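Below, chains carry the letters A, B, ... as their sequence lines are ordered, and counting in each starts from 1. The analysis underlying the following values was restricted to heavy atoms, covering all of them including side chains, and did not include hydrogens, waters or symmetry mates. Every value quoted in this text rests on a predicted model; they were computed, and no experiment measured them.
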Amino acid sequence: MAEEQQRSRFKRQKMTGEMDDRKNPYLAHMYDAESSHDSGVSISDGSTSAYTNGRHSNGGGLSSLKRHSTTAKQAKLAEDGPLNPFTGGQLSDRYFSILKTRRDLPVHAQRQEFLDMYQKSQVLVFVGETGSGKTTQIPQFVLFDDLPQQRGKMIACTQPRRVAAMSVAQRVAQEADVQLGEEVGYSIRFEDKTGPKTILKYMTDGMLLREAMNDHDLLRYSTIILDEAHERTLATDILMGLLKEVVQRRPDLKLIIMSATLDAQKFQKYFLSAPLLAVPGRTHPVEIFYTPEPERDYVEAALRTVLQIDATEPEGDILLFLTGEEEIEDACRKISLEADEMVREADAGPIKVYPLYGTLPPAQQQRIFDPAPPPFKPGGRPGRKCIVSTNIAETSLTIDGIVYVVDPGFSKQKVYNPRIRVESLLVSPISKASAQQRAGRAGRTRPGKCFRLYTEGAFKKELIDQSYPEILRSNLASTVLELKKLGIDDLVHFDLMDPPAPETLMRALEELNYLACLDDEGELTALGKLASDFPLDPALAVMLISSPEFYCSNEILSLTALLSVPQVFVRPASARKRADEMKDMFAHQDGDHLTMLNVYHAFRGPSAQENPKQWCHDHFLSYRALQQADNVRMQLKRIMEREEVELVSTPFEDKKYYENIRRALVAGFFMQVAKKDSSGKQYITVKDNQSVLLHPSTVLGQDSEWVVYNEFVLTSKNYIRTVTAVKPEWLLDIAPGYYDVDSFGKGDIKTSLQRVRDKVNRRAAIAGGR
DNA sequence: GAGCACTGC
């Protein structure tokens, strides 16, 4: 394929607009800072005692000092050693070599500017693009000025992802020349690597939110840094709302919002004109190409583009963004096949194609870091690798060596429809910010190219600037419960950056009221308080808390854990039949929940525990998911013990063993019930009257009139997945408030429930009359 | 007779 043809398909973008943002450093500062660092309370030369941990150092002559105003110069001096300013120990050679590279980072050039701003204002917004060093350096800059050890406090820096919190903490501990978990540590679910000496703590945003629920003013911290705020995770959004109030109650608390996009003005405005400091990133230029005409089939266009790049562009790896597992596996097969043909016909270089998505086993994910294949013969055309990935490569994983990015402009995104109370995944156009982030992936090691499979006009006019924050796309039942526990009573006036639709809030309140977590006045009930102690969706928490009443809390505990982790059943395309046969071995005729419980019990059994990994592989089960379930189970069990929720079981021989579990299911999921309709082919959901089908993966036969379901899946059809048969009289008995039959709209469900009610009443009358 | 982007407590 000629270079000429390649060019004709893509209009070369003039280097304006977006690319200018990339090339020109951002406005260095929009805040006119006066130097305020000359304030007398500085660290005496040569002394390091202001930095050593007050609770442990023995020469704490300066430990009574108030908040310091350190200058960049002073901090540098302290950093230069020879002793570690925080531990008093000898600094290692590695420390000094890392220190040199740290001082080359773009943020370092603006250290004084940062300190001036930090000292002057309680809240500040910091913008730093990829490669600026903000995540590792800013918290350390703060450390040298804040000196939290002198007041027995800590600096917190939040991350949206656990791996990031872990790896950044590891890196910063190295930079500070301390043991991870001592002065520098991290805290994520299931793992707290901090200790009494910890003064800088990286943590997930969810973790800090959990802490806030028991300590509304976050008194353990002197400075809180919310990193990657532009990602707008649910936890970050709530933390921002919360901290906006906390900084007013606590004048001694400092807050830094760190973001990677220029949208930072929005953060600035939200925090009442907080000053903003922007530092340029360090990336290579990326040339952007657009298609002149819209593409009808983006997958087909993507394949064509990848092959064209392979045939015509110089050495360099390719990253293609697609939306899901199946699409990706399919594309990988096709690219490999076509590329092989090109090798035969046109003497092309070798190409290796790797899929990348979240549910891929870690070992296979690691393969994307393998080097590109060598030429077929010495001096021949160089090989390249092509990675076909979901959005995971946009934020969570960075791959060096990518020179070409192919961006069809779509991703799967969660959407929530409050009218039918359904969360689902939908293939949707990405935002401008996402497109920019994707393009940037081509310029990490050297100048690159990004091929957008949409027109420049579409980019400008059709793509929204930023993706909608998660808070606008989610069911907020657990969020509302959390807010109540956080002491936010007036939800409507709680100042969120993007307030959710009133209907979404109403739905959440209604759901929590039916679950008896909120009373009719919207106040947190005892059950609601208890439920908020569990890191679970409210329905799951209520099911777990109610389970002792059904003599099966041990079993419901296992089931709750299983329902909070990814799917345990594995069904590879190459072995569907065998996988299904294996699943049948665990099947329980009354439904998928009980089947999952059978799996878990087998997994915990002696024969599986001999070699659990092998056993899972042999039985087409996900070892990772089951292990995770074990972990979650332990965590939940500890909370149950602490909160004195009894752990009991019905003897397995008892004929009520399974029935009790099914009844307990109803206690949490009575709002997720469907009844078979008159045709007998499909089901109708209770109250919402949605037509749904049993998901084909279910073990349940077609003869169950009433079922509870765990989730609603909206794909080619409306499916309910993970379903178990229940009896209608249990619904009336266990959730009488929700099953107030007279309040139901006319229809089959109402008639059936009336009939059941009458039958129950008649039986009661007879029993009473005897 | 199907398909789950991603993250988190």
Can I get a per-line list of side-chain donor-acceptor pairs under 3.5 Å for residues 635-643 of chain A, giving both atom names and the distance, sequence neighbours left out?
unit_1	atom_1	unit_2	atom_2	d
A:Gln635	OE1	A:Arg189	NE	2.8
A:Gln635	OE1	A:Arg189	NH2	2.8

Can you list everything that forms a ring pair (Phe, Tyr, Trp, His ring centres under 6.0 Å) with [X]? Sequence neighbours excluded, please.
X: A:Phe620; result: none
X: A:Phe410; result: A:Tyr298
X: A:His230; result: none

Students often get this wrong, so: under 4.0 angstrom with heavy atoms, is [X] touching a base, only sugar-phosphate, or nothing?
X: A:Asp580; answer: base
X: A:Tyr719; answer: sugar-phosphate
X: A:Arg189; answer: base
X: A:Leu209; answer: nothing
X: A:Gln567; answer: base
X: A:Ser411; answer: nothing
X: A:Thr323; answer: sugar-phosphate
X: A:Gln413; answer: nothing
X: A:Arg576; answer: base
X: A:Lys717; answer: sugar-phosphate

> What residues form a side-chain hydrogen bond (donor to acceptor under 3.5 Å, both in side chains) with A:Gln567, not counting sequence neighbours?
Replying inline: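 Result, side-chain hydrogen bond (donor to acceptor under 3.5 Å, both in side chains) vs A:Gln567: none returned.
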What's the closest nucleotide to the side chain of [X] if the choices are [options]?
X: A:Ile392; options: B:dT7, B:dC9, B:dA2; result: B:dT7
X: A:Met207; options: B:dA2, B:dC4, B:dC9; result: B:dC9
X: A:Arg162; options: B:dG8, B:dA5, B:dG1; result: B:dG8

> Between residues 621-629 of chain A and DNA chain B, which residues have a heavy-atom gap below 4.0 Å?
Replying inline: none
> Aromatic rings A:Tyr454 and A:Phe459: how do their planes relate, parallel, tilted or perpendicular, breaks at 30° and 60°?
Replying inline: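 If you compare the ring of A:Tyr454 with that of A:Phe459, the planes turn out parallel.
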> Roughly how many Å is it from CE in A:Met166 to P in B:dT7, rounded to a whole number?
Replying inline: 14 Å
> Is the shortest distance from a Lys or Arg side-chain nitrogen in A:Lys334 or A:Asp330 to a carboxylate oxygen in the other one below 4.0 Å?
Replying inline: yes
